[in-house]
> 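The structure under discussion is supplied below as structure tokens; questions concerning it will follow.
The structure displayed is predicted, hence computed values, not measured ones.
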Amino acid sequence: MTINEYNRCVDDFSDAVYRFLLKNCRNNEVARDLVQDSFLKLWVKRKQVDFAKSKSYLFTTAYHGLIDHVRKFERQETGQGFDADAATTDHGYSDLKEILDFAVEKLPAIQRSVVLLRDYEGYSYKEIGEITELTEAQVKVYIYRARVFLKKFIGSPEMVI
């Protein structure tokens, strides 16, 4: 990959990688740091990464960075007695997007990741499998389970409106 191709990657993919990470971690600063780390890793490996595969490489790197961050954060949170359900019991939602965002936050991390990659970023099952190191069948199962959960959580549109 040339320097111009790398700069094009930054222009073309930085927003998409940031949105993906922000939806998963819900923290602006963490998402920005992880985007920066992903592009740093791409820069270091630019001679080995083909430009055509740079988007997949970035999302894979970002996904693994997110997993590492979550694992580190969970270790730091252990034993502090934070009850997430008690902190999020009463919400007055004003629109369907807020409800959907809240429902997506309730998904397990892997289901949230594959749904965001599929429905928000438009990746194919095969590409999601490459990014998350899952088989195509596993990706389909996780997406199916996530959609079933979201459907049950949100309920019918008449109830939301």
> Flag the pair Lys106 / Phe102 as yes when at least one side-chain heavy-atom distance between them is below 4.5 Å, and no otherwise.
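Lys106 vs Phe102: side chains touch.
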> Which residue pairs pass the ring pair (Phe, Tyr, Trp, His ring centres under 6.0 Å) test when at least one of the two sits in residues 16-44, sequence neighbours left out?
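Checked against ring pair (Phe, Tyr, Trp, His ring centres under 6.0 Å) - neighbours excluded - the pairs reaching residues 16-44 are Tyr6-Trp43, Phe20-Phe59.
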> Looking only at non-hydrogen atoms, find the nearest pair between Phe149 and Ala103 and report the distance.
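Scanning both residues, the minimum pair turns out to be CE2-O, 3.6 Å.
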> Is there side-chain contact between Leu117 and Val139, with heavy atoms separated by less than 4.5 Å?
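No, too far: nothing below the 4.5 Å cut-off.
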> Between the side chains of Arg32 and Glu29, is the shortest nitrogen-to-carboxylate-oxygen separation below 4.0 Å, so that they form an ion pair?
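Judged by the 4.0 Å cut-off on N to carboxylate O distance, Glu29 and Arg32 do form a salt bridge.
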> Measure across Thr61 and Lys41 and return the closest heavy-atom pair with its distance rounded to 0.1 Å.
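Minimum heavy-atom contact is CG2-CD, 3.4 Å.
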> Could you tell me which non-hydrogen atom of Ser113 sits nearest to which non-hydrogen atom of Asn24, and how far apart they are?
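That would be OG-OD1, 3.2 Å.
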> Quick one: do Lys55 and Glu127 make a salt bridge, cutoff under 4.0 Å?
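Looking at Glu127 together with Lys55, the answer is no, because their closest N to O distance does not fall below 4.0 Å.
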> Are Val44 and Val10 joined in one hydrophobic group, where the rule is that I, L, V, M, F, W and Y side chains link up if heavy atoms are under 4.5 Å apart?
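No, Val44 and Val10 fall in different hydrophobic clusters.
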> Main chain of Arg118, side chain of Glu121: is a donor-acceptor contact present, judged purely on distance under 3.5 Å?
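No, the answer is negative, given that no donor and acceptor are paired below the 3.5 Å cut-off.
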> Between the side chain of Arg112 and the main-chain N/O of Leu107, is any donor-acceptor distance below 3.5 Å?
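Yes; judged by distance alone, with no hydrogens or angles, the pair exists.
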> Membership question, hydrophobic clusters at under 4.5 Å side-chain separation (ILVMFWY): are Tyr63 and Leu40 in the same one?
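Looking at the clustering, Tyr63 is in a separate group from Leu40.
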